[in-house]
Amino acid sequence: MSVLDIVLVPDPVLREKAKKVAKITPNVQRLLDDMAETVRKARGVGLAGPQVGILQRVIIVEVPRDDEDPNAQHGFFQLVNPEIVKRAREIEESAEGCLSIPGYIGDVERHVSVEVKALDRSGKPVKVKARGFLARVFQHEIDHLDGVLYLDRLKSADKLHKLPPREEMQDETDVVA
Ligand code: NI
């Protein structure tokens, strides 16, 4: 496995629509594994194909267990062709960052729960019912596949905040995707 370079704004690749994966080949599986290693190294919770310059519909989501909130959903997902098939009507605004937009965080409205349909790394169909923070990360990553950034979803300019240097923001390192 290897760590990939993360593409940063304003690279135009982040604004392109990624293509569906036609067949899960060993190359696609290697990409999923490299992306998993990359997101861990970057201490993020999610990564999408376009963020490593690959316009394919693949995402990694890894939300760790939250000791302070044992009811919060967590898990590790390597998904191909993910699609949101259900969304709660209820929305929630919360802080969100992006590995492709270092140094910033935004308050973004997202559906409180979503159902995601996808293929896993072996090509098996899977359905994930996600709520809370996990649901937020799925929405953020699937947006990346359509060239959408959280910046596009900010209700106003004052919802975007500049972060102090990352080493002083240990608490915030878990919200970048
Ligand atoms: Ni992102």
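Each ligand, and each atom within it, is numbered from 1 in the order the structure gives. What you are looking at is a predicted structure, and each value in this text was computed from that prediction instead of being measured.
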Exercise for the section: Look only at the side chain of E92 and the backbone of F133, and say whether a donor-acceptor pair between them is shorter than 3.5 Å. Expected result: no

Handout entry: Residue list, side-chain hydrogen bond (donor to acceptor under 3.5 Å, both in side chains) with D146, at least two apart or on another chain
Key = K17, R57

Problem - All pairs passing salt bridge (Lys or Arg N to Asp or Glu O under 4.0 Å) where residues 3-15 contributes a residue, at least two apart - result: R15-D152

Fill in the blank from the handout: Those residues at least two apart in sequence (or on a different chain) that pass side-chain hydrogen bond (donor to acceptor under 3.5 Å, both in side chains) with R40 are E62

Problem - Under-2.8 Å protein N/O/S neighbours of the Ni ion (ligand 1), ordered by chain then residue number - result: C98 SG, H140 NE2, H144 NE2, A177 O

Handout entry: Test log, rule side chain to side chain donor-acceptor pair (under 3.5 Å), inputs H111 and E90
Key = CA-CA 6 Å; H111 299 276; E90 195 188 334; over 6 Å; no

Exercise for the section: Answer yes or no: is there a donor N or O on one side and an acceptor on the other, between the side chain of R136 and the main chain of V108, under 3.5 Å? Expected result: yes

